[in-house]
Amino acid sequence: MGILRLSHVDISAPDLELAAAYYTQVLGLDIVERTEERLFFKCWDERDHHCLSIRYDPRVGIDRFSFKAEFEDDLDQFETAVERYGFGVRRVSKGEEVGQGESIRFETPSGHEMEVVHDIEKVGGRLPLLNPWPVPQGLIGIAPPRIDHVLIHAEEVNEMTHFMQACFDFHLTEQILTGEGHMMGAFLQRSGRPHDIAIIQGANGALHHFSFWLDDWDHVRRAADILAYNAISIDIGPTRHGITRGNTIYFFDPMGTRNEVFTGGYRADPDFPVITWTEDNLGRAIFYYEGRDNGRFLTVHT
Ligand SMILES: [Fe+2]
């Protein structure tokens, strides 16, 4: 029972036509549904309704991030846990949100709106479930098979980490500690991968990036080719993280939201021990090859 994985991220952007062009032609997602003021996207190997929605707003930002629970009953337990923690919970009823049934929404200690949902419309992937081939034909752009994780900012990383552990049983895989032992970064998982959500010290309510999975290191190199060809602003990479050991490239969508595609990393079993990075090793923790921040990574967010 409990949280299965990151379900979707809901962001806002000032140009939906540009967003549609970039997220379909460069990133290579499919548009599942379109309303007057929102776009819904999914990756080719995802079967749930969407992994990303973009709402028209003059301002770029994050509306919420949403995790999928395994069972309908999980929502009741999570509602109780969040209320006991001291945060109000709103029930979203079936039909209120596009592509999904009942969910719970609440504010987190990091000042974000978080959602937990179980009932999501199944729209199917691009591959059949009977005798499938390994990859669909006719993919455009980077075309990741699925969304992987989200990284948010929090003024008090420790507080947000505790909330995710206490209410949703997330496991801490890695942490960054200052010389005084203050937590400035936390990486948390439910899915057995290095992280489903990460929290880095910064402005409450801010989004650092969301990230899509690629199957191969060579696909990260290919992503760099596609991004450069399309004149997309690359933040950093291809490179490798010390934290998670993942191979990565970061870039900005044309409206300014940071995206990542990445691969690799270890398997985080339930008995996986917590890895600690000290602040004096922060450069290698973030970008293992470069050994330091690029002057943007720790300061630019939406
Ligand atoms: Fe990431």
Side-chain angles (χ1 to χ4, degrees), residues 3 5-11 23 27 29 43 46 51-52 62 65-67 110 112 114 142 144-154 157 160-161 164 170-176 183-203 206-217 219-221 223-224 227 232-253 256-268 275 277 282-290 292-294 296-302:
I3 301 286
R5 60 173 178 270
L6 180 65
S7 171
H8 57 270
V9 179
D10 296 337
I11 63 169
Y23 280 99
L27 205 52
L29 309 186
C43 299
E46 291 171 331
C51 65
L52 172 70
I62 180 167
F65 54 88
S66 180
F67 280 93
S110 60
H112 295 85
M114 176 173 161
I142 299 170
R146 60 177 168 79
I147 198 167
D148 191 85
H149 64 267
V150 62
L151 195 158
I152 56 166
H153 282 305
V157 175
M160 181 57 179
T161 301
M164 296 301 279
F170 273 82
H171 305 293
L172 185 66
T173 53
E174 307 205 33
Q175 59 181 347
I176 308 166
M183 190 185 265
M184 57 184 294
F187 297 74
L188 296 150
Q189 65 86 14
R190 281 284 314 170
S191 64
R193 294 188 300 271
H195 58 337
D196 297 307
I197 184 167
I199 307 147
I200 297 281
Q201 199 167 315
L207 171 71
H208 188 275
H209 71 271
F210 48 88
S211 181
F212 297 91
W213 175 259
L214 295 178
D215 286 329
D216 196 294
W217 164 232
H219 297 180
V220 179
R221 180 198 58 76
L227 294 166
I232 298 301
S233 170
I234 292 175
D235 187 10
I236 191 163
T239 185
R240 187 172 198 183
H241 291 303
I243 296 170
T244 75
R245 304 175 200 155
N247 304 115
T248 176
I249 182 168
Y250 287 94
F251 42 100
F252 293 99
D253 81 11
T257 297
R258 188 188 278 103
N259 296 165
E260 179 191 26
V261 289
F262 101 122
T263 189
Y266 46 79
R267 195 175 88 175
I275 295 171
W277 295 82
L282 184 62
R284 296 249 173 254
I286 298 175
F287 300 125
Y288 188 67
Y289 299 151
E290 293 79 1
R292 61 190 164 88
D293 171 39
N294 64 358
R296 261 188 316 269
F297 195 76
L298 293 172
T299 48
V300 175
H301 61 253
T302 51

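Order of listing sets the numbers, starting from 1, for every ligand and every atom in it. Keep in mind the model is a prediction, meaning the values are calculated, not measured.
Panel note: side chain Arg245, backbone Pro194; no donor-acceptor pair is recorded below 3.5 Å.
Ring-plane geometry between His195 and Phe187 is classed as tilted, the angle between the planes lying from 30 to 60 degrees on a 0 to 90 degree scale.
A centroid separation of 6.0 Å or more is found between the aromatic rings of His219 and Phe212. A ring-centre distance under 6.0 Å is not found for Phe65 and Phe210.
The name of the N, O or S atom in Glu260 nearest to the Fe ion (ligand 1) is OE1.
Among the atoms of His149, an N, O or S atom falls under 2.8 Å of the Fe ion (ligand 1). Taking 2.8 Å as the threshold, His209 counts as a candidate ligand of the Fe ion (ligand 1), since one of its N, O or S atoms lies below it.
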